[in-house]
Asker: 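Here's a structure for you.
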Amino acid sequence: MADRKHSKKAIRQSPSLCAGELDYINRRKHVVLQALCSKGINCSMDSVPHIALLASGGGQRAAVGLMGSLYQMEKDGLLDTLLYIAGVSGSTWSMASLYSDPQWSSNMDDAVSRLSSFEVELEQVLAWVGERSKEENFSLSDIWGVLTTAGIMKQMDVRHLSHEANRDVTNPYPIYCAVEKYCFSNGLFEGKWFELSPHEAGFTELGLFVDTSLLGCKFQGGELLEKKPEMDIVWLQGVLGSMLADEETLKESLNDLGHIDDDDAEKYLHAYKVFNNLISLIRSTLKDPTAMSDLDQLQKALKDKVDWKDTVQLNSKSPEERKSLFQQLNQELLAEVETWSQSLEDRDFKPHVSFIREQILPLICKWEWGTTNNFLYQYQDSSVPACLRAKEQFHLIDAGLLVNVAYPSFLGEKRDIDLIIAPEYSAGNMFETLTLARAYATKAMKPFPEIDDKILEDRDWPKDCYVFEGKDKEPTIIYMPLFNQQNCKDAEEFKAKMEEFTTLQRPYSQEKIVVLLETVKSNIRNNRETLLREINNAVIRQKNKRPEQDGL
């Protein structure tokens with residue numbers, strides 16, 4: 001039990017930066033100043049611009065894309081001009097990998113090599129799950145996190161985010177973003193966006209934060225009641241990249257299984273889709289060809305269960321019959337796994353099958369993601385939405401479901417950003433992240449540059465770089481689509497590239513990783529002069545701000 005004196009200080013309520021981040025940024029500015037001067041940019045400590053690279057989500061496409069973009073920025077001497085790097089969804093996977101090295105900014109060759117050279121054995125995965133499953137808030141995000149970490153990022157990083165709080169300022173300051181699942185679903189604006197840094201974690205628009213080491217501890221009425229083990233980076237990656245946690249997003253991803261407009265059918269197919277993706281990730285931790293063949297058989301058997309044309313005629317059935325049918329099919333899905341597991345020969349892989357049967361399946365049936373003790377439980381403040389105040393747990397999921405770039409954390413006075421560099425690795429419609437961010441800024445009454453809707457005409461074949469100039473307190477945004485008119489000869493090739501590197505697919509081959517890395521590197525190289533020009537303009541903007549500011 002925490003003492004009351006300490007408890008009252010556990011939650012910080014403020015629209016400003018915490019002391020730890022402010023200190024880091026002020027020290028980091030010396031690194032930025034040196035980088036600017038090396039480029040011949042006239043700058044002083046008082047006019048060091050606030051530059052943030054905000055990487056979009058996009059699964060492994062975003063993870064590899066961000067790594068390649070930062071690699072080329074380091075080679076061009078631009079990486080040290082950044083105060084911040086922020087990510088959502090897939091880009092947070094590579095951020096987590098990068099920051100495992102306290103000196104990654106000067107070791108980009110090593111960072112890129114980790115995308116393919118490291119391997120994680122299934123035994124390591126099972127050991128982590130075994131420990132984590134003892135916790136009361138064990139959820140699908142844990143399974144998704146450990147398999148994503150092992151299968152895609154090829155490492156198991158069990159350090160804690162708060163351990164980065166006392167590092168030197170070699171690297172830009174990292175911000176990771178999520179959203180609260182149920183506030184996100186019911187449309188409450190103030191309780192949605194959640195940010196995590198080495199120093200603190202909390203709700204951006206509410207201005208309510210706790211030390212990052214306390215996220216997951218038990219609170220009531222603003223008092224710290226019980227400390228819990230701090231989340232590790234494996235769990236964090238599962239939370240931040242959990243786009244499958246949103247039922248509407250899953251529904252859209254089921255197009256390859258036919259048109260579905262039935263709640264019970266959707267629940268059944270959600271289970272299938274998530275399970276199938278998790279099995280694909282398990283494959284990435286295996287070397288035994290026979291074990292791979294066994295998983296092939298399981299995936300084929302599961303696919304047969306959702307072959308609508310052969311197994312289900314929905315139109316002729318009543319709602320009650322449909323519900324009964326899908327309950328039956330769900331049981332058959334579970335039985336299929338059981339039958340498969342019993343049919344396996346007695347060899348090394350068989351003991352690991354219990355992981356699939358005993359750990360993954362029950363969590364899929366439960367369908368719970370990102371479960372975290374709620375530090376705002378019964379917190380006495382009218383600004384806290386009821387969806388947060390009334391529940392002992394909240395549920396953190398992929399921020400890309402709201403806005404697939406971390407704009408909400410970087411608009412307004414708190415971080416006073418002059419320039420946002422926004423490499424776009426998203427799937428879906430080009431420019432959607434910009435238009436969604438603009439709508440968010442309007443609702444939050446935050447400054448945002450003018451976006452001419454005429455650019456939407458380019459969505460099927462965008463240019464490689466757009467600059468949206470900020471005025472007064474608006475940040476300037478450099479928007480850089482991954483596939484574009486420089487690396488795709490026409491709209492058809494653009495579409496083909498987007499389909500080739502889809503978000504929800506098995507981990508990329510080494511060949512795909514190399515192609516993607518070279519694509520993003522060339523995007524940075526081709527626009528180096530634009531980046532330098534806008535960095536110089538950001539210095540001028542910061543100089544013009546200085547007389548009227550007392551803060552950062």
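Because the structure is a prediction, the values reported are computed rather than measured.
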Asker: Determine all donor-acceptor pairs shorter than 3.5 Å in which one atom belongs to a side chain in residues 30-39; sequence neighbours excluded.
Answerer:
{"residue": "Ser38", "atom": "OG", "partner": "Ala35", "partner atom": "O", "Å": "2.6"}
{"residue": "Lys39", "atom": "NZ", "partner": "Asp76", "partner atom": "O", "Å": "2.8"}

Asker: Apply side-chain hydrogen bond (donor to acceptor under 3.5 Å, both in side chains) to the pair Tyr24 and Glu164, showing each step before the final yes or no.
Answerer: CA-CA 11 Å; Tyr24 191 102; Glu164 298 176 24; over 6 Å; no

Asker: Regarding Ser69 and Tyr425, do their side chains bring together a donor and an acceptor under 3.5 Å, going by distance alone?
Answerer: yes

Asker: Who are the side-chain contact (heavy atoms from CB on, under 4.5 Å) partners of Ala441, not counting sequence neighbours?
Answerer: Leu411, Lys446, Phe448

Asker: Determine, for Arg415 against Glu195, whether the closest basic-nitrogen to carboxylate-oxygen distance falls under 4.0 angstrom.
Answerer: yes

Asker: Thinking salt bridges, do Arg114 and Asp110 make one under a 4.0 Å N-O criterion?
Answerer: no

Asker: Report yes if the distance between the aromatic ring centroids of Phe203 and Phe194 is under 6.0 Å, otherwise no.
Answerer: yes

Asker: Can a donor-acceptor pair be found between the side chains of Asn487 and Asp464 at a distance below 3.5 Å?
Answerer: no

Asker: If you look at every heavy atom in Cys465 and Asn527, which pair is closest and at what distance?
Answerer: CB-OD1, 3.1 Å

Asker: Of all the heavy-atom pairs spanning Asn523 and Leu482, show the shortest one and how long it is.
Answerer: ND2-O, 3.0 Å

Asker: In terms of side-chain geometry, is the basic nitrogen of Glu413 or Lys473 positioned less than 4.0 Å from the acidic oxygen of its partner?
Answerer: yes

Asker: Do the rings of Phe431 and Tyr466 sit parallel, tilted or perpendicular, given the 30° and 60° boundaries?
Answerer: perpendicular

Asker: Would you say the side-chain atoms of Gln72 and Arg525 include a donor-acceptor pair closer than 3.5 Å?
Answerer: yes

Asker: Looking at Lys545 and Asp418, is any side-chain nitrogen of the basic one under 4.0 Å from a carboxylate oxygen of the acidic one?
Answerer: yes

Asker: How about Ile175 and Phe410: do any of their side-chain heavy atoms sit closer than 4.5 Å?
Answerer: yes

Asker: Over all heavy atoms of both residues, which pair between Val520 and Gly68 is shortest? Give the atoms and the distance, please.
Answerer: CG2-CA, 3.5 Å

Asker: Backbone N or O of Leu531 within a donor-acceptor pair of the Glu534 side chain at under 3.5 Å?
Answerer: no

Asker: Is any NZ, NE, NH1 or NH2 atom of the basic residue among Asp168 and Arg28 found under 4.0 Å from an Asp or Glu carboxylate oxygen of the other?
Answerer: no

Asker: Can a donor-acceptor pair be found, under 3.5 Å and without considering hydrogens, that links the side chain of Asn374 to the backbone of Gln393?
Answerer: no

Asker: Report yes or no: do Trp93 and Thr148 form a side-chain donor-acceptor pair below 3.5 Å?
Answerer: no

Asker: Within a radius of less than 6.0 Å around CG of Asp23, do more than 12 heavy atoms belonging to other residues, nucleotides or ligands occur?
Answerer: yes

Asker: Are any side-chain N or O atoms of Thr92 and backbone N or O atoms of Leu240, one a donor and one an acceptor, separated by less than 3.5 Å?
Answerer: no

Asker: Is it true that Glu518 and Lys521 have a side-chain N and a carboxylate O under 4.0 angstrom from each other?
Answerer: yes

Asker: For the residue pair Ser56 and Asn404, confirm or rule out a side-chain donor-acceptor distance under 3.5 Å.
Answerer: no

Asker: Evaluate side-chain hydrogen bond (donor to acceptor under 3.5 Å, both in side chains) for Trp235 paired with Ser141, printing each intermediate quantity in order.
Answerer: CA-CA 7 Å; Trp235 179 86; Ser141 295; 5.9 Å; no

Asker: Starting at CG of Asp398, measure out to OG of Ser89 and round the result to the nearest 0.5 Å.
Answerer: 3.5 Å

Asker: Can you tell me if Glu74 and Ser105 form a side-chain donor-acceptor pair at under 3.5 Å?
Answerer: no

Asker: When Ile41 is tested against each of Asn536, Thr81, Ile540 for side chain to side chain contact (heavy atoms under 4.5 Å, CB included), which residue passes?
Answerer: Asn536

Asker: Would you tell me whether Asp381 and Ser383 have side-chain atoms, one donor and one acceptor, within less than 3.5 Å of each other?
Answerer: yes

Asker: Report yes if some heavy atom in the side chain of Asp460 is under 4.5 Å from a heavy atom in the side chain of Lys495; otherwise report no.
Answerer: no

Asker: Please check if any side-chain donor atom of Ser97 sits under 3.5 Å from a side-chain acceptor atom of Ser100, or the reverse.
Answerer: no

Asker: Hey, does the Lys NZ or Arg CZ of Lys512 hover above the aromatic six-ring of Phe501, less than 6.0 Å from the centre and inside 45° of the axis?
Answerer: yes

Asker: Can you tell whether the side chains of Glu200 and Arg12 come within less than 4.0 Å, N to carboxylate O?
Answerer: yes

Asker: Stepwise, does the side chain to side chain contact (heavy atoms under 4.5 Å, CB included) test hold for Asp416 with Gln542?
Answerer: CA-CA 9 Å; Asp416 186 31; Gln542 191 61 220; 3.9 Å; yes

Asker: Could you give the distance from CG (Asp101) to CH2 (Trp104), rounded to the nearest 0.5 Å?
Answerer: 9.5 Å

Asker: Rounded to the nearest 0.5 Å, what separation is found between the CG atom of Asn171 and the CD1 atom of Ile85?
Answerer: 7.5 Å

Asker: Is the Tyr173-His199 ring centre distance short of 6.0 angstrom?
Answerer: yes

Asker: Side chains of Thr149 and Gln237: do they bring a donor and an acceptor to under 3.5 Å?
Answerer: yes

Asker: Please report the shortest heavy-atom distance between Leu224 and Leu214, naming the atom on each side.
Answerer: CD2-CD2, 4.2 Å

Asker: Which heavy-atom pair separates Phe494 from Asn484 by the least distance, and what is that distance?
Answerer: CD1-N, 4.3 Å

Asker: Side chains of Asp109 and Tyr71: do they bring a donor and an acceptor to under 3.5 Å?
Answerer: yes

Asker: As an exercise, state the distance from CD1 of Ile478 to CD1 of Ile420, rounded to the nearest 0.5 Å.
Answerer: 10.5 Å

Asker: Testing the 3.5 Å rule here: is there a donor-acceptor pair between the side chains of Tyr84 and Glu21?
Answerer: yes

